[in-house]
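Below is a structure I'd like to ask you about.
All values reported here derive from a predicted model rather than from experimental measurement. Numbering of residues begins at 1 and proceeds along the displayed sequence.
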Amino acid sequence: MTKILLIFFFISLTNLSYSEGYVKAGDSLIWDSKEQSYTANGDVEFQNDKFMAFADEMIAQYIEEDDKEVFTIVELFDNVKIEFKDEIFRGNYAIYTRDDNIVVITGDVSIESPTRLLKGYELIADLDNNKRTLNSANEESLVEVLIDNDADD
C-alpha cells in the first residue's frame, strides 16, 4: 500500500512540475502538441495560479516556458463557473488571457460574493487590479445588484 501511495505522489509531483496549472475532463481530453493546445469536453475543470474554472467544454492554448506549459488563452463554453478568491463568476462563455490577466464572461452573467449578487450580460474582470465591469446586453436590459444588508450581523 505504501508503494502505491509513493508512486501516486511522484506522478503528481511530475505533473505539477511540467505545468503551471492543470486541465481535467470527464469525457475527452485532446492534447495537440503541434498547435500547443488542449481541448476538453464533459465536466471540465481548469486551474492555474489565479483561479479555478468549470465548464462543459474548454480550449486552452499554452506556451512552453522554462520547460513548463503555461496557459496563455483559455476559452470556456457552456455552464461556466469561475472561482476567484471569495467570488464566483458564472456565464455561458468565458475567455481568459494571461498577458493582461483579464477574464471576459458573456451570457446570463452573475457575480456572487459573500455580501452581494450582481447580474448582467457581460463581465470584464481585471484580476490584477481587482476591478469588475458589468454591462447590460442592450439599452432595454438592466444590470442588477442585490446587496445583503445583514452581512455584518
Side-chain angles (χ1 to χ4, degrees), residues 12 15-153:
S12 297
N15 287 341
L16 288 174
S17 66
Y18 190 67
S19 169
E20 60 124 31
Y22 70 83
V23 177
K24 292 182 184 179
D27 293 337
S28 66
L29 181 62
I30 300 167
W31 172 47
D32 185 337
S33 60
K34 183 178 178 184
E35 296 296 322
Q36 293 187 305
S37 70
Y38 287 93
T39 301
N41 290 289
D43 295 324
V44 174
E45 184 177 310
F46 169 81
Q47 183 172 349
N48 65 9
D49 60 341
K50 295 286 183 184
F51 61 88
M52 179 175 264
F54 306 89
D56 291 345
E57 298 177 44
M58 182 202 74
I59 299 171
Q61 303 289 321
Y62 68 89
I63 58 172
E64 292 194 20
E65 204 172 80
D66 299 326
D67 293 326
K68 291 187 179 188
E69 293 176 353
V70 177
F71 294 100
T72 56
I73 299 173
V74 178
E75 287 185 276
L76 300 157
F77 304 89
D78 301 321
N79 298 310
V80 175
K81 175 183 174 187
I82 297 175
E83 297 175 355
F84 175 71
K85 296 184 181 178
D86 65 345
E87 296 176 308
I88 298 174
F89 309 143
R90 295 180 193 272
N92 297 330
Y93 169 81
I95 186 165
Y96 164 75
T97 51
R98 184 175 186 268
D99 286 344
D100 54 13
N101 278 318
I102 290 180
V103 177
V104 177
I105 305 174
T106 57
D108 296 323
V109 171
S110 68
I111 306 170
E112 300 170 39
S113 72
T115 59
R116 61 185 46 110
L117 171 65
L118 296 89
K119 293 183 178 184
Y121 176 76
E122 178 188 57
L123 166 66
I124 302 168
D126 182 337
L127 303 181
D128 288 339
N129 296 309
N130 204 28
K131 182 179 177 182
R132 314 286 177 264
T133 304
L134 192 60
N135 297 312
S136 62
N138 55 47
E139 291 178 5
E140 297 166 7
S141 63
L142 298 172
V143 174
E144 298 177 271
V145 178
L146 303 169
I147 299 173
D148 183 0
N149 290 326
D150 297 327
D152 293 330
D153 292 342

Quiz item: Judged by modelled atom types alone, do Y62 and Q36 share a side-chain donor-acceptor pair under 3.5 Å?
Solution: no
Self-check item: Distance in Å, K85 NZ paired with L127 CG, rounded so as to fall on 0.5 Å steps
Solution: 8.5 Å
Practice problem: List in chain and number order the residues that pass salt bridge (charged side-chain N to carboxylate O under 4.0 Å, His left out) with E45, two or more places apart in sequence or in another chain; answer none if no residue qualifies. | Solution: none
Quiz item: If you round to the nearest 0.5 Å, how far is CG of L123 from CD1 of I111?
Solution: 4.5 Å
Quiz prompt | Flag for D78-Y93: side-chain donor and acceptor within less than 3.5 Å | solution = no
Self-check item: Any I102 side-chain heavy atom under 4.5 Å of I124 side chain
Solution: yes
Quiz item: If you round to the nearest 0.5 Å, how far is CD of Q61 from OG1 of T39?
Solution: 8.0 Å
Quiz item: Quick one: CG on D126 to OG1 on T133, what's the gap to the nearest 0.5 Å?
Solution: 8.5 Å
Self-check item: Heavy-atom closest contact (V109 atom, Y121 atom, distance)
Solution: CG2-O, 3.1 Å
For residues 49-59, which side-chain N or O atoms pair as donor and acceptor with protein atoms under 3.5 Å away, sequence neighbours left out?
unit_1, atom_1, unit_2, atom_2, d
K50, NZ, D128, OD1, 3.0
D56, OD1, N79, ND2, 3.4
D56, OD2, N79, ND2, 2.6

Practice problem: Can you tell me which residue pairs pass the side-chain hydrogen bond (donor to acceptor under 3.5 Å, both in side chains) test with a partner in residues 102-112, sequence neighbours excluded? | Solution: R90-E112
Quiz item: Taking only residues two or more places apart in sequence, or in another chain, which ones meet S113 in a side-chain contact (heavy atoms from CB on, under 4.5 Å)?
Solution: E87, T115, R116
Quiz item: Which pairs, with at least one residue in residues 22-43 and sequence neighbours excluded, count as a salt bridge (Lys or Arg N to Asp or Glu O under 4.0 Å)?
Solution: none
Practice problem: Heavy atoms only: give me the nearest L29-V23 pair and the separation to one decimal. | Solution: CD1-CG1, 3.7 Å
Quiz prompt | Any donor-acceptor N/O pair, N129 side chain to K131 backbone, under 3.5 Å | solution = no
Self-check item: Positive for side-chain contact (heavy atoms from CB on, under 4.5 Å) with I82, one of L76, I88, V74
Solution: L76
Quiz item: With N41, which residues qualify under side-chain hydrogen bond (donor to acceptor under 3.5 Å, both in side chains), at least two apart?
Solution: S28
Quiz prompt | side chain to side chain contact (heavy atoms under 4.5 Å, CB included) between I95 and I73, intermediate numbers included | solution = CA-CA 7 Å; I95 186 165; I73 299 173; 3.9 Å; yes
Exercise. Evaluate side chain to side chain contact (heavy atoms under 4.5 Å, CB included) for N101 paired with Y96, printing each intermediate quantity in order.
Key: CA-CA 7 Å; N101 278 318; Y96 164 75; 2.5 Å; yes
Quiz item: Relative to the ring of Y38, is the ring of F71 parallel (under 30°), tilted (30 to 60°) or perpendicular (over 60°)?
Solution: tilted
